[in-house]
2 protein chains.
Amino acid sequence: MPFTKSAPGILSMGKATFQVPQDALFGRNRQKLLNELKGSCEGVIFLRGGNNPERFDSDHEPIFRQESYFWYLTGVKEPDCAVAIDISTQQVTLFIPKLPADYATIMGRIQLPDEWKDHYQVDQVKYLDEMESTLEETLLDDKPAMNGHTTNGDTTHAGSTNNKKLYLMKGPNSDSGNMYEPPTLESKRLQDNTIIDVDTLFPILAECRVGKSETELAMLRHVTEVTSFAHAYVMRNIQPGNMEYQGESLFRHYCYYNYGCRLVGYTSICGCGPNAAVLHYGHAGEPNDRQLEHDNICLFDMGAEYFGYGSDVTCSFPASGKFNDRQRHIYRGVLQAQIDVYNMLKPGVSYLDCHKAAEAAILKNLIAMGMVTTNDKTVEELVEMRLGAVFMPHGLGHFIGIDTHDVGGYLPGHQPRIDEPGLRKLRTARDMKENMTLTVEPGCYFIDHLLDGALAEESPLKPYLNETMIQEYRGFGGVRLEDVVVITKDGCINYTLCPRTIEEVEHVMSGGKWPPTEDKAPELRRERLLDPNPLPSPPSL
Amino acid sequence: MPFTKSAPGILSMGKATFQVPQDALFGRNRQKLLNELKGSCEGVIFLRGGNNPERFDSDHEPIFRQESYFWYLTGVKEPDCAVAIDISTQQVTLFIPKLPADYATIMGRIQLPDEWKDHYQVDQVKYLDEMESTLEETLLDDKPAMNGHTTNGDTTHAGSTNNKKLYLMKGPNSDSGNMYEPPTLESKRLQDNTIIDVDTLFPILAECRVGKSETELAMLRHVTEVTSFAHAYVMRNIQPGNMEYQGESLFRHYCYYNYGCRLVGYTSICGCGPNAAVLHYGHAGEPNDRQLEHDNICLFDMGAEYFGYGSDVTCSFPASGKFNDRQRHIYRGVLQAQIDVYNMLKPGVSYLDCHKAAEAAILKNLIAMGMVTTNDKTVEELVEMRLGAVFMPHGLGHFIGIDTHDVGGYLPGHQPRIDEPGLRKLRTARDMKENMTLTVEPGCYFIDHLLDGALAEESPLKPYLNETMIQEYRGFGGVRLEDVVVITKDGCINYTLCPRTIEEVEHVMSGGKWPPTEDKAPELRRERLLDPNPLPSPPSL
């Protein structure tokens, strides 16, 4: 019998795609959370999964993608579910919607609770209409409600007959500024007789997501390798005269057709020429719709997603396939910035310092080019003046995982955000720890309104800039190189296996083989460059 | 100088893609609405555009797709805008967000109001913070507010100093059941001194969208031709052993890479074998992840979207490339249902009658196969017993345009929805009018829970079903054939140029040329089959 669906407990998009054991991924995620809470907390963790809103008033339904915290704990791909985890018994209860009979006609056979239980490897499955009564049973003694008043927080509650709490998520996302709001509960018995704790869970669960497990690392490595080879495929198949969006289309097709990656982690950014200086180009207002010209630099920032774990990789290359002098000069500074950061990254190192090191590398290159003048200042002094932020106005990188900008960047107890040019865009300034996964994405751009500001008469930065040379680079665009790396016990490993050196890029763009047979740039720490995850390469792509 | 961006006033994704004059599309849409209101209404039409919410609490932004009514009147691709149209002067004012300076760093150069004005060909552009004061100026005399109380509806308002009304949208979407809710206005002067009319605009604007303009028809024809050739491309490139989602990937790549169609009208449905009986298969819970087996029927329902106008086409074909007897027998009935409907469709004909004719054709085929027994009833009597709905539990089709299930299906004054099996799923039962665009999508499926119901002891349909034969077809899946057609003065034209006859499907799946050089099935009314819109065919796909 041919292979059709994955076996229960295995996530995959078919036999030729990456196989992930459900329990090693999500079961282990739950275990990590429980280990953090056990001893100090008693009661129930409760989260709602995401819903799937239609587009405005219409019946158009975008493809549902689960809310990330819920995904982390359950791996449930369907909308409108909930989960309760008993901290002391570790029992996991998944709540699912009771679907109308004609769901079977439209959406597919209605799975029974026992099928959900097998598939998601939880202890029990109940319908949503039993959700609050189940929480009541778990949290409340059988004694009648004592009509106490609800207080949130840690004070013991008058009406409570035990010490069990209901732990709900509430907290800010430091990338979006949005609040994760706790779910509303209808049950008056729960409201009156349970201590509802909205303070404890959020920072602990966010911190769980910061350090990746072995299986999470395998997922991120895999999806980054897929992404890397897709970038190489795009480089090999694009040329002047193509439209920017054709690069996006090639990328998405390669990742989906070959490796089952239906979604991307974020909107593909495919800017050429001046568009390469627009950091998040490619949105609906600027939909990758420019034609590539021979002398354009291309900045393509795209990442696949596989079962909720995404990658985030940027390549910059000449549309023509051969770097001209201007492109080469800018490119080498950005590549050196990556290398300098890889030489620093290890547990205990501050990511803020890495950011500054990247800026320093880019400034050094601009000094060598004659575009920046030191006026007897050291490069470090120029960095502190925030001169680097004129050319690299974004942060060095960010945590990556289930969200592209993964959570935990500015949790309490760590280095807070610094409100200075460039640095205020840094998505984390934390000290590095083993098994953190981050992007390293230095860039050097020529952005008119930032150059205008820096070159204005009143600007303290003006004396350090070679205005004539800068004017020549307006319209050039920019270069960004972005890798996904993991912090190891004593350094870092680069999961990204893209063509990176100038020779590698030109080799691939002229049709050369990738991956290569020899690693000529070990300083890029592409540990598996010569032996990537050997998925079958399909014939047509 | 190479072509890079479209000229102002022209919509396109590059010189090789379809060119649409902005004004002929959206200007004409506005004019149509104004023609309906002029004379009977005085005042201002006001609509908010769509916003672009992030995914839950994260900063993940899906690609923005404009709200459809706002798109119809403006063609504005950016979120967070609004439009006011003065009914008597016909002056169009677009309101745009005032963007922060660092938008230019992240999202691209901030366009000035005059650039928006040129691009969208409106009379004036203002910032959103001037929106309510502009409405006040247009709607209110200079006399001070008279502190009347607001009433909605048509009664003259005490505080109003003239007859001008503010027309807002409010009404139900008959496909989703969702309400379009009118925007909230902060201005107390407007609330107290203007007659806010939420009754008039919605049904009129929805009705405007029902009959398509010449340019809208050109858009729908184009995107349906792209969709048709993409389906042919998929058929030619798919085979047993492939995964269902590889069909989706091929389709999306073909439409985007060649014709700039970044979005699809709806989630691609790529079911094979039993999945072909799941009407909206392919969602996140059933993500097109089955492997095609040699004897499977494939039902692929996919449509491209280009500048907000979408197509919706279904092809059914054997994975092997050659129909086996069971597949052929079911297929020919569904194809005949399409032909019977095309022979009826013209102005004045009821779509409800077309639906019943399609059911009759499918039942006749099942009778010929011996699967249905008439027991001396006529086919029409079997249709009235709703026997057809056992095999075709959905409606014959729907309006199509800016929404896949386009609006206007059940507006007041037309045939209301009929609450009977099958018919309650019909998305319009209206009489046909020239320039309506609809899908015609008969289907014949073997859906376990519907067959179980029809074969139950107490079922009045049981005596008409050959249970032994039906059991043999369980797991077969189903066949659906879906075309996009336009109603003409005296008939209909089929915009869909897919391989449709059994010979055509087998020809294309064995690598044959498409489009063909001879139309052997003129009864399918594929007017441009031999001479489709001659866009350059790119070399690689």
Side-chain angles (χ1 to χ4, degrees), chain A residues 2-5 13-14 50 54-65 67-68 77-79 101 104-108 173 175-176 178-180 243 245-246 249-250 252-253 256-257 260 262 266-267 278-281 283-287 289-291 293 393 403-405 447-450, chain B residues 2-5 13-14 50 54-65 67-68 77-79 101 104-109 173 175-176 178-180 243 245-246 249-250 252-253 256-257 260 262 266-267 278-281 283-287 289-291 293 393 403-405 447 449-450:
Chain A
F3 181 96
T4 52
K5 278 269 191 182
M13 287 294 279
E54 288 143 335
R55 188 176 69 206
F56 308 114
D57 67 319
S58 80
D59 69 346
H60 177 95
E61 288 184 4
I63 296 176
F64 175 68
R65 202 286 203 167
E67 190 281 321
S68 297
K77 59 187 186 306
E78 290 84 0
T105 307
I106 302 167
M107 306 291 269
N173 182 302
D175 291 300
S176 65
N178 298 331
M179 281 298 284
Y180 184 117
M243 302 297 289
Y245 62 77
Q246 293 183 308
S249 190
L250 289 164
R252 295 196 60 150
H253 185 44
Y256 193 19
Y257 187 89
R262 188 183 211 180
Y266 52 95
T267 301
V278 178
L279 305 184
H280 286 180
Y281 182 73
H283 54 91
E286 301 278 1
D289 61 349
R290 191 176 190 276
Q291 193 175 33
E293 296 172 45
D403 288 321
T404 303
H405 299 150
I447 300 174
D448 281 331
H449 81 108
L450 297 180
Chain B
F3 181 97
T4 52
K5 279 270 192 182
M13 287 294 279
E54 288 143 337
R55 188 175 70 206
F56 308 114
D57 67 319
S58 80
D59 70 345
H60 176 95
E61 288 184 3
I63 295 176
F64 174 68
R65 202 286 203 166
E67 189 282 319
S68 297
K77 60 187 185 304
E78 290 83 0
T105 307
I106 302 167
M107 305 290 271
R109 196 175 71 77
N173 182 302
D175 290 300
S176 65
N178 298 330
M179 281 297 284
Y180 184 117
M243 302 297 290
Y245 62 78
Q246 293 183 308
S249 190
L250 289 164
R252 295 196 61 150
H253 184 45
Y256 193 19
Y257 187 89
R262 188 182 211 182
Y266 53 96
T267 302
V278 178
L279 305 184
H280 287 180
Y281 182 73
H283 53 92
E286 301 278 2
D289 61 350
R290 190 178 190 276
Q291 192 175 34
E293 297 172 45
D403 288 321
T404 303
H405 298 150
I447 300 174
H449 81 107
L450 297 180

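Keep in mind that the numbers below use all heavy atoms, side chains included, and drop hydrogens, waters and symmetry copies. Here is the naming used below: chain letters follow the sequence lines, and residue numbers restart at 1 for every chain.
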Interatomic distance, CD@E78(A) vs CZ@F64(A), rounded to 0.5 Å, equals 8.5 Å
With rounding to the nearest 0.5 angstrom, report the OG to CZ distance, S176(A) to F56(B). 13.0 Å
Can you check whether Y257(B) reaches H253(A) side chain to side chain, under 4.5 Å on heavy atoms? no
Give me the atom names and distance for the closest heavy-atom approach of Y256(A) to R262(A). OH-NE, 3.3 Å
Please look at I106(B) and chain A and tell me whether the side chain, the backbone, both or neither of the residue comes under 4.5 angstrom of a heavy atom of that chain. both
For S58(A) and H405(B), does a side-chain donor sit closer than 3.5 Å to a side-chain acceptor? no
Check each atom of M107(B) against the heavy atoms of chain A and say whether the ones under 4.5 Å are side chain, backbone, both or neither. both
Gap between atom CG of D57(B) and atom CG of D403(A) - 0.5 Å precision: 7.5 Å
Chain B interface, residue from K77(A), R55(A), E61(A), H60(A) that has the most non-hydrogen pairs under 4.5 Å: R55(A)
Applying a strict 4.5 Å limit to non-hydrogen atoms, the region of E54(B) in contact with chain A is side chain
Quick check for you: among D448(A), I447(A), D175(A), L450(A), which has the greatest number of heavy-atom pairs under 4.5 Å with chain B? D175(A)
Tell me, side chain or backbone of H449(B) under 4.5 Å from chain A's heavy atoms, or both, or neither? side chain
Select one option (side chain, backbone, both, neither) describing which atoms of T404(B) are under 4.5 Å from chain A's heavy atoms. neither
Side chain, backbone, both or neither of I63(B) within contact of chain A (heavy atoms, under 4.5 Å): both
